[in-house]
Protein chains: 2
Amino acid sequence: MNPASANIEEAILSAILAGRINPGTRLGEQKLADLFGVSRTRVREAMMRLETRGVVQVSARRGWFVVEPSAEEAREAFQTRRVIETGLLQTVREVPPAVLESLREHVAIERAAIETGDVSSRACLLGDFHIHLADALGNRLLTEIIRDLTARTTLISMLYQPTEKAEESSHDHEDIVAAMEAGDLARAARLMDEHIGKVEAGLDLTAKPDPLAGLRELLSPSTFAGNAPSVPHHHTPAPSFEKKD
Amino acid sequence: MNPASANIEEAILSAILAGRINPGTRLGEQKLADLFGVSRTRVREAMMRLETRGVVQVSARRGWFVVEPSAEEAREAFQTRRVIETGLLQTVREVPPAVLESLREHVAIERAAIETGDVSSRACLLGDFHIHLADALGNRLLTEIIRDLTARTTLISMLYQPTEKAEESSHDHEDIVAAMEAGDLARAARLMDEHIGKVEAGLDLTAKPDPLAGLRELLSPSTFAGNAPSVPHHHTPAPSFEKKD
DNA sequence: GCTCACAAACTTGTATACAAGCTGGAAAGC
DNA sequence: GCTTTCCAGCTTGTATACAAGTTTGTGAGC
């Protein structure tokens, strides 16, 4: 609708869905304004829209930050996704062949990306499966809701997921599609429930979102040799938020 | 967060939920700014947030309007509500006694409002039941989603609902709570599905949203005696949007 | 009397200016 | 050397000014 401001919003959201923007990343109004060649007004507009969609947050006079969901918020996001996605599968009566075809194709692309080892696109694809599903079985409204929720859970995974299990997720997707193909939507719903449960269980929600993650990442590829302690042993003055610049 | 702009947003949303603002109502930035004693900036902020929540829309350089969902959008909203609310009931394992108590109480208030004939508050209460349910069984995120959806369906009812059936809805709510009380959540989910289906079926989605509804309402209580044709017989130049001022 | 064209008033769209507050670093004091 | 205080710079918050487009009312022409 507003050409540029919609682009800013969409650009940031899809970067999050693709896992290219880390939770906690600071998004300065002026920098984005320069980047997109508009004034701060439009950027603020996009930011406020993203804030109501739950993907960024403003800290008064400090800046906009990509949300870092708390453990509680993480649980809420997963519960919500479980409710909606199982509800969708159980509400639908039958699945059109074209939809099945499209989903099978999507899963095939997932597997290809995993075997190729294309890490950057596979996270995006795994989330995209759920968005595709909502789009195919539901409607635009539902798709938008799922999209925002997927952005949230993507950020949560970045914060709390110790190890990725892309193969397992893709296999789950395959099973869900198979159940749909067999016309057993109740089973598809149950599999979806388990799938989301597995992803959630794979998180380490006891570990607080690590404010040092950014620093550690910068230091870990060993500029210094022979030190890979899990926690830096020197006293650090808690930089709290800022990670990228 | 932003005290005033959040208030504007909340004030408008709850007015919609209470049925005090009609779909299609124009919301002028300057007038709202004067009303709330702030500048247009804050009002625009609130409007854009409400736009991403799907309750208002901007028509370029003409103004902000409370949405008038199309028949297609109405179907989408009801499908989405059905998916989420049945999904919620089916996901929940057991219902805490305190929740049951609170829901029973709510239904009692509904019935009281209906018997009293308090038309203004009963629409609000009927929608509130679903919001309460999401709040009690789900989480804040889910509640917010349901709240926005309820705002949508409230507007849809205003546009397409020929006759209100408040007693029936309240009775449905009672049955749903009874099923929950009996621990039969599958039945509760089915009843919820039927309930939302009934509300949707009670709409006349073939009737286009009537751009003259506002005018007709203003004229119908007979300033002139003896003329109540369903359509004014003189040529009207299609005022399209504006209804309130 | 009716239609059409034009202009004035009004509304949103966008940028910019300035105010308010936070952060980080330098300098002073211990 | 270490801590504390204060100031300069940077970032968002809010208002206002102006640009661009829409609507409506007026008046000329038929």
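Throughout, protein chains are lettered first and strands after them, A, B, ... in sequence-line order, and every chain is numbered starting at 1.
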With sequence neighbours excluded, what pairs up with B/R40 under the side chain to side chain donor-acceptor pair (under 3.5 Å) test?
B/E29

Taking CD from A/Q57 and P from D/dT12, how many angstroms apart are they, rounded to a whole number?
15 Å

From CG (B/L133) to CE (B/M192), nearest 0.5 Å:
5.0 Å

Listed nucleotide nearest any side-chain atom of B/R44, set C/dG13, D/dT11, D/dT16
C/dG13

Over how many whole Å does the gap from B/E29 atom CD to C/dG13 atom C1' extend?
9 Å

Under-3.5 Å N/O pairs linking protein and nucleotides 20-22 of chain C:
from   : atom 1 : to    : atom 2 : distance (Å)
C/dA20 : N3     : A/R61 : NH1    : 3.1
C/dG21 : O4'    : A/R61 : NE     : 3.2

Are OP1 or OP2 of C/dT14 and a side-chain N or O of A/T41 less than 4.0 angstrom apart?
no

B/T153 side chain to B/T150 backbone, donor-acceptor under 3.5 Å:
yes

Between B/K31 (NZ) and C/dA9 (C1'), how many Å, whole number?
13 Å

For the backbone of B/A98 and the side chain of B/S102, can you confirm whether one donor and one acceptor N or O come within less than 3.5 Å of each other?
no

What is the distance, rounded to the nearest whole Å, between atom CG of B/L32 and atom P of C/dC10?
18 Å

A/L27 has an atom CG; how far is it from atom C1' of D/dC10, in whole Å?
17 Å

Length of the line joining A/E45:CD and D/dT14:P, which is rounded to integer Å:
16 Å

Hey, is the main chain of B/S14 close enough, under 3.5 Å, to the side chain of B/R20 for a donor-acceptor pair?
no

To check you understand the geometry: which heavy-atom pair defines the closest contact between A/R26 and A/R62, and what is its length?
NH1-O, 2.6 Å

Rounded to the nearest angstrom, tell me the gap between atom CE in B/M48 and atom P in C/dT12.
13 Å

Choosing from D/dT12, C/dT16, D/dT14, which nucleotide comes nearest the side chain of A/W64?
D/dT12

Spacing of A/Q30 atom CD relative to D/dT12 atom C1', expressed in whole Å:
11 Å

Nearest 0.5 angstrom please: A/E73 CD to B/N139 CG, how far?
10.5 Å

